Amino acid sequence: MPRTSGLFRTERLSAGACQTDRTISMRSVSRIDEAREWRARLSGSVGFVPTMGFLHEGHLSLVRRARKENEAVAASIFVNPTQFGPSEDFARYPRDPERDTRLLSEAGCDLLFAPEVEQMYPEGHETFVEMGATAAPLEGARRPGHFRGVATVVLKLFNVIRPTRAYFGRKDAQQLAVIRRMIRDLHHPAVIVACPTVREADGLAMSSRNTYLSPEERRAATVLHRALSAARDRWTNGERDAAELRRVMRETLDSEPLARIDYVSVADPDTMRETDVAASGALISLAVKIGDTHLIDNERME
Ligand code: PAF
């Protein structure tokens with residue numbers, strides 16, 4: 001459970017190239033009324049980065065981008081129970097609120113909203129966002145109810161923070177498609193900004209769950225990026241047959257004994273529907289279990 005950070009201010013001096021001449025403080029709140037009060041004072045643009053904490057460079061790149069593009073920046077840390085299945089890792093999801101607070105402050109965040117579960121889902125809560133076809137395949141099929149939980153909490157967070165722009169990583173490509181669909185369908189005014197996946201030096205996409213990997217599993221996990229790169233190379237050399245690209249990904253993944261394939265996919269990035277022809281813009285994605293850890297990755301064919 002995320003520890004309540006309470007109400008305190010983290011004083012931060014001259015962090016970031018464009019902020020050298022002023023003292024900036026990040027406010028950290030755990031209650032919805034406190035976050036609303038912060039928001040109510042602002043008339044300019046607000047960039048928002050929702051997270052589940054245990055931050056890495058991927059999250060921080062979103063905060064920095066939000067900092068560049070908005071007058072104020074908010075981030076949330078909330079490990080959202082409704083997006084975890086009963087046998088998933090909610091209880092053991094990694095948490096480090098003190099480090100997260102420092103990193104957010106250094107990255108230029110103005111408000112950290114870190115509510116407890118009871119704030120977000122008080123007794124009697126019963127309303128959810130029901131997603132359709134975009135949420136059904138791939139991660140949606142593997143994790144029933146996952147995107148219902150994601151869409152619900154994102155909308156609830158948006159209703160508190162009322163962001164002008166909200167920043168999401170491309171690593172969670174289906175999450176991005178689901179949120180874009182929801183925003184369109186529910187006429188929400190937030191602009192969704194998709195940001196590049198940040199990778200380790202050996203190509204592994206950054207993820208809070210990478211911390212679960214043993215050294216041997218960590219080495220094996222590079223196979224995800226290798227499989228995507230193999231398919232990308234074929235595509236760059238003119239291969240447009242989606243079945244062939246799926247085959248290439250499977251072949252590479254099968255070469256790693258520690259990797260068990262959940263799916264490989266070549267799909268439309270907006271609808272997540274599988275495609276026969278990998279046209280420009282197609283999304284190739286895969287999900288693999290290494291040990292007990294579920295890892296995903298993707299690339300756009302552009
Ligand atoms: O991507 C995540 O970390 C989560 O799914 C999100 C968007 C913060 C919702 O809980």
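Whatever order the structure lists ligands and atoms in, that order sets their numbers, starting from 1. Source: prediction; values computed, not measured.
When each of Val79, Thr211, Asp89, Asn210 is tested with Pro94 by the rule side-chain contact (heavy atoms from CB on, under 4.5 Å), just one qualifies, namely Thr211.
Using a 4.0 Å cut-off between heavy atoms, Thr51 contacts ligand 1 through its backbone alone, with no side-chain atom that close.
Numbered from 1 in the order shown, with element, the atoms of ligand 1 that lie under 4.0 Å from a heavy atom of Gln83 read 4 (C), 5 (O), 9 (C), 10 (O). Every atom of ligand 1 with a heavy atom of Val153 under 4.0 Å away is listed here by number and element: 9 (C), 10 (O).
For Tyr93 and Glu88, the side-chain atoms include no donor-acceptor pair closer than 3.5 Å. Remark: the Glu200 side chain and the His56 side chain contain no N/O donor-acceptor pair separated by less than 3.5 Å.
Under a 4.0 Å N-O distance rule, the pair Asp241/Arg234 does not qualify as a salt bridge.
Asn80 approaches Gln83 most closely through the heavy-atom pair ND2-OE1, 2.9 Å.
Annotation: atom 3 (O) of ligand 1 to nearest protein heavy atom, Met52 CG, 3.6 Å. When hydrogens are left out, the protein atom nearest atom 7 (C) of ligand 1 is Gln175 NE2, 3.5 Å; that is the closest non-hydrogen contact.
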